[in-house]
2 protein chains.
Amino acid sequence: MQLMSSEAPEFRLEDFLPYRLSVAANRVSRRFADRYGAAFGLSIPEWRVMAVLGRFGRLPAREITARTAMDKVKVSRAVRQLEGRGFLERAADAADARLHWLALSEAGQGAHAAIVPMAREMEAEVVQGLTAEELALLHAALGRIAERFPGEGVD
Amino acid sequence: MQLMSSEAPEFRLEDFLPYRLSVAANRVSRRFADRYGAAFGLSIPEWRVMAVLGRFGRLPAREITARTAMDKVKVSRAVRQLEGRGFLERAADAADARLHWLALSEAGQGAHAAIVPMAREMEAEVVQGLTAEELALLHAALGRIAERFPGEGVD
DNA sequence: TCCAGGTAGTTTCAAATGCAACTGATGTCA
DNA sequence: TGACATCAGTTGCATTTGAAACTACCTGGA
């Protein structure tokens with residue numbers, strides 16, 4: 001191997017996009033988990049399940065996995081927690097005994113209504129300091145990345 | 001509670017920035033971990049340690065934690081793996097017996113040189129379709145988010 | 001009717017994670 | 001000097017995780 005006058009530039013981890021993406025995402029997730037946990041005793045998977053049920057009303061677990069980008073094991077465990085806490089109710093499907101329809105209970109709806117404003121506040125914190133242009137681009141870029149990197153139940 | 005003609009808009013998880021950020025980052029990380037793992041038997045923490053050592057030569061573990069955004073436990077374990085694999089060497093500091101200087105071995109340098117191009121390729125896949133300007137904005141946005149959400153050893 | 005193959009959801013088990021406690025060493029300040 | 005806080009790094013332990021196996025059920029032929 002010959003020494004060239006112009007070598008490849010050294011690799012800078014701190015400028016490596018996948019690394020930066022991971023650091024930013026994990027820090028935000030950590031902060032959010034702390035807050036959901038402190039305020040409502042919920043984990044992020046549990047909150048995601050509540051979020052989609054709050055929006056769609058009744059869903060079978062299979063639909064929750066699709067709409068939360070979590071795998072079915074994670075959903076199954078989050079559902080069990082939420083059921084134990086009285087935040088959701090499960091009903092067997094009349095026609096297909098494999099299906100369980102899941103829906104927020106009264107208490108779950110109350111919790112959902114309380115959490116949503118907090119989630120919006122936290123999102124505002126993340127976005128704070130970004131220009132509208134940056135925000136739009138960030139959303140677009142995240143969408144493209146998620147498309148280009150599909151994942152079954154990948155979070 | 002009174003029904004208003006204009007209610008708060010429903011909460012859409014799929015538009016929630018923290019969620020999108022997490023999904024994108026985790027999918028990219030997953031893909032990368034698969035590739036590093038298949039090609040070199042490295043985990044992401046191990047690769048991060050190699051990356052900073054490849055750039056800075058010799059560092060004590062403490063510096064690695066700072067430069068990889070990982071906590072010291074994760075660094076400690078990654079270092080042990082890499083040492084066992086013969087990718088790095090450890091030397092006690094002459095003046096301070098608490099410090100261990102870590103550096104890539106010959107084999108480690110070879111692996112580093114082989115991995116860097118692969119990492120660049122994967123980064124190119126992530127940013128594919130973005131203009132230089134968009135990329136700069138994305139970097140700026142991620143930087144601002146990471147600043148606003150500091151974390152000790154948060155990944 | 002029967003069965004091969006598919007689906008919904010749970011369980012099992014091993015690996016990854018992270019906090020807290022720990023060891024050994026150094027700094028500091030009276 | 002000596003007592004005590006601090007630092008580098010490791011270990012213990014409980015929690016989270018996910019891949020694969022498993023149970024129960026359904027469906028579409030033959």
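Chain identifiers are assigned alphabetically (A, B, ...) following the order of the sequence lines, protein sequences preceding nucleic acid strands; residue numbering begins at 1 within each chain. This structure is a prediction, so every number in the text was calculated from the model and none was measured.
Checked against salt bridge (Lys or Arg N to Asp or Glu O under 4.0 Å), B:Glu134 has no partners two or more places apart in sequence or in another chain. The salt bridge (Lys or Arg N to Asp or Glu O under 4.0 Å) test applied to A:Glu147 returns no partner, not counting sequence neighbours.
Placement of A:Leu42 and B:Phe16 within a single hydrophobic cluster is found when ILVMFWY residues are connected by side-chain heavy-atom separations under 4.5 Å, directly or transitively.
The distance from atom CG of B:Asp71 to atom C1' of C:dC19 is 9 Å, rounded to the nearest whole Å. Atoms CG (A:Asn26) and P (D:dT16) sit 16 Å apart, rounded to a whole Å. The distance from atom CZ of B:Arg27 to atom P of D:dG18 is 13 Å, rounded to the nearest whole Å. Atom CG of A:Asp34 and atom C1' of C:dC19 are 12 Å apart (whole Å). Atom CD1 of A:Ile64 and atom P of C:dT10 are 10 Å apart (whole Å). B:Asp93 has its CG atom 14 Å from the P atom of C:dA25, to the nearest Å. If you take CD1 of B:Ile44 and P of C:dA15, they are 19 Å apart, rounded to a whole angstrom.
OP1 or OP2 of C:dG18 lies within a sub-4.0 Å distance of a side-chain N or O belonging to B:Lys74. Within the 4.0 Å cut-off from OP1 or OP2 of C:dT17, not a single side-chain nitrogen or oxygen of A:Arg30 is found.
Evaluation of the salt bridge (Lys or Arg N to Asp or Glu O under 4.0 Å) test over residues 75-85 of chain B, restricted to residues two or more places apart or in two chains, returns B:Glu83-B:Arg90. Judged as a side-chain hydrogen bond (donor to acceptor under 3.5 Å, both in side chains), the pairs with a partner in residues 91-103 of chain A (not counting sequence neighbours) are, in order, A:Asp93-A:Trp101, A:Asp96-A:Arg98.
Nucleic acid contact class of B:Ala95 (heavy atoms, under 4.0 Å, all strands): sugar-phosphate only. At a threshold of 4.0 angstrom between heavy atoms, the contacts of B:Ala92 with the nucleic acid are absent.
Electrostatic pairing of A:Glu14 and B:Arg55 counts as a salt bridge here, judged by a charged N lying under 4.0 Å from a carboxylate O.
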For residues 112-119 of chain A, which side-chain donor-acceptor pairs fall under 3.5 Å, sequence neighbours excluded?
none

task = Indicate for each nucleotide in nucleotides 5-12 of chain D, in 5' to 3' sequence, whether protein heavy atoms under 4.0 Å reach the base (B), only the sugar-phosphate (S), or nothing (-).
result = --BSBBBB

